[in-house]
J.: 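My questions all concern the structure below.
Within every chain, numbering begins at 1; the chains are lettered A, B, ... in the order of the sequence lines, protein sequences first and strands thereafter. Remember, predicted model here, so these are calculated numbers, not experimental data.
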Number of protein chains: 2
Amino acid sequence: MEFNEKQISIINTAERLFSINGFDGTSVRDIAHEAGINVAMISYYFGSKEKLMEAVFEQKTSKMRLKVENMLQEEKLTNHEKVNILIEDYVDRFLSQPQFHKVMLLEQLSDKPGGIAGMIDELKKRNLALIKKLIQEGQKSGEFKKNIDIALMMATMVGTVSQMIISRRFYREVNNMEHLPEEEFTNYIRKKLCAHLKNLFKSTLTNEEKK
Amino acid sequence: MEFNEKQISIINTAERLFSINGFDGTSVRDIAHEAGINVAMISYYFGSKEKLMEAVFEQKTSKMRLKVENMLQEEKLTNHEKVNILIEDYVDRFLSQPQFHKVMLLEQLSDKPGGIAGMIDELKKRNLALIKKLIQEGQKSGEFKKNIDIALMMATMVGTVSQMIISRRFYREVNNMEHLPEEEFTNYIRKKLCAHLKNLFKSTLTNEEKK
DNA sequence: TAAATTTAATTAAACGTTTGTTTAGTTTTA
DNA sequence: TAAAACTAAACAAACGTTTAATTAAATTTA
């Protein structure tokens, strides 16, 4: 789907407001006002508020697909390195687009199966399949141990990052980092999160040294 | 705060609908209808929809406070055992009240600081303080290693469980467990989650064997 | 190229619903 | 018989969407 300049402006505004106030908590009048357009333009361009939401999802996910798939086929990297790159990619992506992440969480929470929730499930399935293949190759080569619940590990990765975005302010406060500029703090938790997740994955995927 | 039978019935209905449709997505008429009462009773008993939400939170959190605090003071247990019990408690609590967990997530996502979000932050702070003390004692006794980011570990625990509740259906599907009764499946992920989190905490908290 | 015509973009206003809350009156309980 | 519990109806405000009219852009015709 291709969107013109004005449509993209609407999509971006909608994304921001949805992430702050939720889908039901955001009115089309709010969106129109902040985007500087007439309310009717939303129906005109997207058909409905619901369809606008789908356009937001479409716009934000379509870009990030190919990148990962190419990386996984890179032959120079060990499977372990690929896992680490995946972690870095994931953390990066969602720290730079926390608003969209929130919208996705909100949509998953209100699990009326139709619409966005289904699109998210498909996205997850594709990602799960890619990672599954990666892990299995690592198991063949002896890098990773057997009996790994990949979906459970994904839940840990996704969940930890989500929780960090949700409780960002809380984390900032308990670490006495209110003085840091927003950007520096983002960088700080990016590093923290990456290191933390890499450690978790390492100890879960590889055989522990015999004690 | 004490609630009579009818009020509790309203609170429980509200909790369920809020967790499915969100705060804004649930109308007081929906709640009244499903609870079998007149719309006006909600204002009559709680004052407003917002206050009803606070009552839901109050009702659900007030019970679960003392239990943990008593356990932590038990002297027969090692700090490591206490950590494991905390994990089991947490997983148990939220698998048996997934609806309320969803309501809390929804409230945290719409981070208008007033109201529920503030109450949740306080709850988190109290929990963090308790765990911090526990970890520090484990560090003194040599059970745990130094330089542990406790808030980050909490994010992993809370996040993993959240993610599991959010994507319960997805997890069920990719593991081909659609045939299992709901209750058995809950039991299955309870065990899985506990074992998983215990492993994660063990390898994060304790010194790894020298490789 | 200039005028005419068609298509697309944009607007203010109105539509019918639904929202949370209040009122004024009735029934039940103490 | 006074207080509490409960009801149906009404309230103004906000909701998503549609309509009908107007302006801007693109295309066709002369």
Side-chain angles (χ1 to χ4, degrees), chain A residues 1-59 103 106-107 109-110 112 114-117 119, chain B residues 1-59 103 106-107 109-110 112 114-117 119:
Chain A
M1 197 104 12
E2 288 168 15
F3 301 114
N4 64 37
E5 219 176 297
K6 195 143 277 181
Q7 285 173 306
I8 290 178
S9 148
I10 297 174
I11 287 176
N12 288 334
T13 306
E15 182 205 357
R16 203 180 80 253
L17 294 183
F18 284 157
S19 74
I20 297 173
N21 307 314
F23 181 75
D24 293 307
T26 305
S27 72
V28 290
R29 283 175 178 79
D30 290 341
I31 299 170
H33 180 255
E34 295 234 355
I37 51 132
N38 188 283
V39 237
M41 294 309 292
I42 288 174
S43 292
Y44 178 73
Y45 274 131
F46 300 97
S48 70
K49 189 188 177 188
E50 185 75 33
K51 293 266 183 62
L52 168 58
M53 175 56 140
E54 290 175 22
V56 170
F57 188 86
E58 170 74 20
Q59 169 74 1
V103 173
L106 282 169
E107 275 300 312
L109 278 168
S110 66
K112 316 153 194 165
I116 310 295
M119 298 170 86
Chain B
M1 197 100 19
E2 288 168 16
F3 300 113
N4 65 38
E5 216 174 302
K6 195 141 277 184
Q7 284 172 304
I8 290 177
S9 148
I10 296 173
I11 286 176
N12 287 335
T13 306
E15 181 206 356
R16 203 180 81 253
L17 293 183
F18 284 159
S19 74
I20 296 172
N21 307 314
F23 181 76
D24 293 307
T26 305
S27 73
V28 290
R29 282 174 178 81
D30 291 340
I31 299 170
H33 180 255
E34 295 234 355
I37 52 133
N38 189 283
V39 236
M41 296 308 292
I42 288 174
S43 293
Y44 179 72
Y45 275 131
F46 300 97
S48 71
K49 188 188 177 188
E50 185 74 35
K51 292 264 182 65
L52 168 58
M53 175 57 140
E54 289 175 23
V56 170
F57 188 85
E58 170 73 20
Q59 169 75 0
V103 174
L106 281 169
E107 275 300 314
L109 278 168
S110 66
K112 314 153 193 164
I116 311 293
M119 297 169 87

J.: Could you give the CD1-to-P distance, from B:I42 to C:dG20, as a whole number of Å?
T.: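 The distance from CD1 of B:I42 to P of C:dG20 comes to 9 Å, rounded to the nearest Å.
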J.: Given D:dT17, C:dT21, C:dA12, identify the nucleotide with an atom nearest to the side chain of B:V28.
T.: C:dT21
J.: Report yes or no: does B:S19 contribute a side-chain atom to a donor-acceptor pair with the main-chain N or O of B:R16 at less than 3.5 Å?
T.: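 A pair under 3.5 Å: yes.
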J.: Would you mind reading off the distance between B:E50 atom CD and C:dG20 atom P, rounded to a whole angstrom?
T.: 12 Å
J.: Whether B:K49 contacts C:dT19 is assessed here as follows: a side-chain N or O lying under 4.0 Å from the phosphate OP1 or OP2. Is that the case?
T.: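 No, no such contact exists.
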J.: I need the minimum non-hydrogen distance between A:V103 and A:F18, along with the two atoms involved.
T.: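 Here A:V103 and A:F18 meet closest at CG2-CB, 3.8 Å.
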J.: To the nearest angstrom, how far is A:I37 atom CD1 from D:dT17 atom C1'?
T.: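 These atoms are roughly 14 Å apart.
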J.: What integer distance in Å separates B:F46:CZ from C:dT21:C1'?
T.: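 Distance, rounded to whole Å: 16 Å.
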J.: Round to a whole Å and report the spacing from CG of B:N38 to P of D:dA10.
T.: 14 Å
J.: Over how many whole Å does the gap from A:M53 atom CE to D:dG16 atom P extend?
T.: 13 Å
J.: Quick one: which of B:I10, B:L52, B:I37, B:I11 gives a side chain to side chain contact (heavy atoms under 4.5 Å, CB included) with B:Y45?
T.: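 Running side chain to side chain contact (heavy atoms under 4.5 Å, CB included) over B:I10, B:L52, B:I37, B:I11 with B:Y45 returns exactly one hit, B:I10.
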J.: If you assign B:S48 and A:Y45 each to the DNA chain C nucleotide with the nearest heavy atom, which residue ends up on the more 5' nucleotide?
T.: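 Result of the comparison: A:Y45.
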J.: Check the distance between C:dT28's P and B:Y44's OH and give it to me in whole angstrom.
T.: 15 Å
J.: May I have the distance from B:M41 (atom CE) to D:dA4 (atom P), rounded to whole angstrom?
T.: 13 Å
J.: Between A:S27 and D:dC15, does any side-chain N or O lie under 4.0 Å from OP1 or OP2?
T.: yes
